Amino acid sequence: MLQVKDLSAGYGRMTVLRDVSLHVEPGQLSLLLGPNGAGKTTLLSTMAGLIKPQSGTVEAENDVISGWTPERVARHGVRLVMQGHRVFPETSVEDNIRLGQISVPRKQRRPEREIFDEAFGVFDILGQKRRQPARDLSGGQQQMLALVQAWVARPKYMLCDEPSMGLALSLVPEILAFLKRRTAEGMGVLLVEQSIDQPLRFADRVMVMRHGEIGFDRDIADVEGVEQITQQMLGQASAGSSTNDVR
Ligand SMILES: Nc1ncnc2c1ncn2[C@@H]1O[C@H](COP(=O)(O)OP(=O)(O)OP(=O)(O)O)[C@@H](O)[C@H]1O
């Protein structure tokens, strides 16, 4: 299990996250929602080792990983997919996928053919453009590439920061379904999103962050509906607010 315990973190003297605790279970898609500036990206960055916590810990499979370098965190099986599909634009699609295994010790790397077959089997369009530089891909295709790049390293956990941002609405289910399939294989996914409707359909657990704090954390079975989450996002929470069916 990936666990965040009483985590406070920020930038310099500024504290953004205040005593955040949450967990991500293997085989589950945990959805973290929250308005702009709530601290979602700061949380993922801290979990991935890019920001040192002011206090509290992040643990993966009972190892305290907070304080580790981002490379060590990645080697330990926790991979961050940053906002804005951060692929290498001048590098070919194939080479971007190859680079996904860079954090994997040489002896444990899988054959290239296997990772290409896997990647192109999932996102056919990447196979069609395998020799083109990543900058030639559309935003949605670059997002697919960024996800595949992280996935080929076979992480235990993926932290995904708004993968649907800026994508055509029609592409969003494809991206979400990709993540959901990974959870069926046993991976734990922490998915940050700002929109509610589509991601909620894929979630096993839902958390809402506001002002650096998690104010709502429930199993999907205990979520009443979109309206309830919307109110949490807006800070207008009241018990028993909606009967919308999520599924
Ligand atoms: N590099 C930085 N230096 C200083 N302050 C920052 C930095 N990055 C973010 N912040 C501040 O930290 C707070 C939380 O930002 P963060 O990006 O974590 O929120 P978010 O929930 O991910 O929002 P968004 O969805 O807009 O990315 C905001 O007040 C933001 O201005």
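Start at 1 and go down the list; that is how both ligands and their atoms are numbered. Hydrogens, waters and symmetry mates are skipped; everything else that's a heavy atom, side chains included, is used. Please read all numbers here as calculations on a predicted model, not as lab measurements.
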- Item | Check ion pair Arg205-Asp217 (N to O, under 4.0 angstrom) |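 The answer is yes: the pair qualifies as a salt bridge.
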- Ignoring hydrogens and angles, tell me if any N or O in the side chain of Arg110 forms a donor-acceptor pair with the backbone of Val152 under 3.5 Å.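 Indeed, once roles are kept as given, a pair shorter than 3.5 Å links the two residues.
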- Task: Considering only Ile, Leu, Val, Met, Phe, Trp and Tyr, and joining two whenever side-chain heavy atoms are under 4.5 Å apart, list the other residues clustered with Leu99.
- Result: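 Members alongside Leu99: Phe88, Ile102.
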Pairs of donor and acceptor atoms involving the side chains of residues 10-17, under 3.5 Å and at least two apart or interchain, shall be tabulated with distances.
from  : atom 1 : to    : atom 2 : distance (Å)
Tyr11 : OH     : Thr42 : OG1    : 2.8
Thr15 : OG1    : Gln54 : OE1    : 2.9

- Query: How close do Arg109 and Val104 get, heavy atom to heavy atom, and via which atoms?
  - Reply: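 Taking Arg109 first and Val104 second, the nearest heavy atoms are NE-O, 2.9 Å.
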- Anything with a heavy atom under 4.0 Å from ligand 1 counts, so go ahead and list those protein residues by chain and number.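 For ligand 1, the contacting residues are Tyr11, Met14, Val16, Pro35, Asn36, Gly37, Ala38, Gly39, Lys40, Thr41, Thr42, Gln83, Glu162, Gln194.
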- Query: Residues in side-chain contact (heavy atoms from CB on, under 4.5 Å) with Ala150, at least two apart?
  - Reply: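 Ala150 satisfies side-chain contact (heavy atoms from CB on, under 4.5 Å) with Arg79, Val81, Met158 once adjacent residues are dropped.
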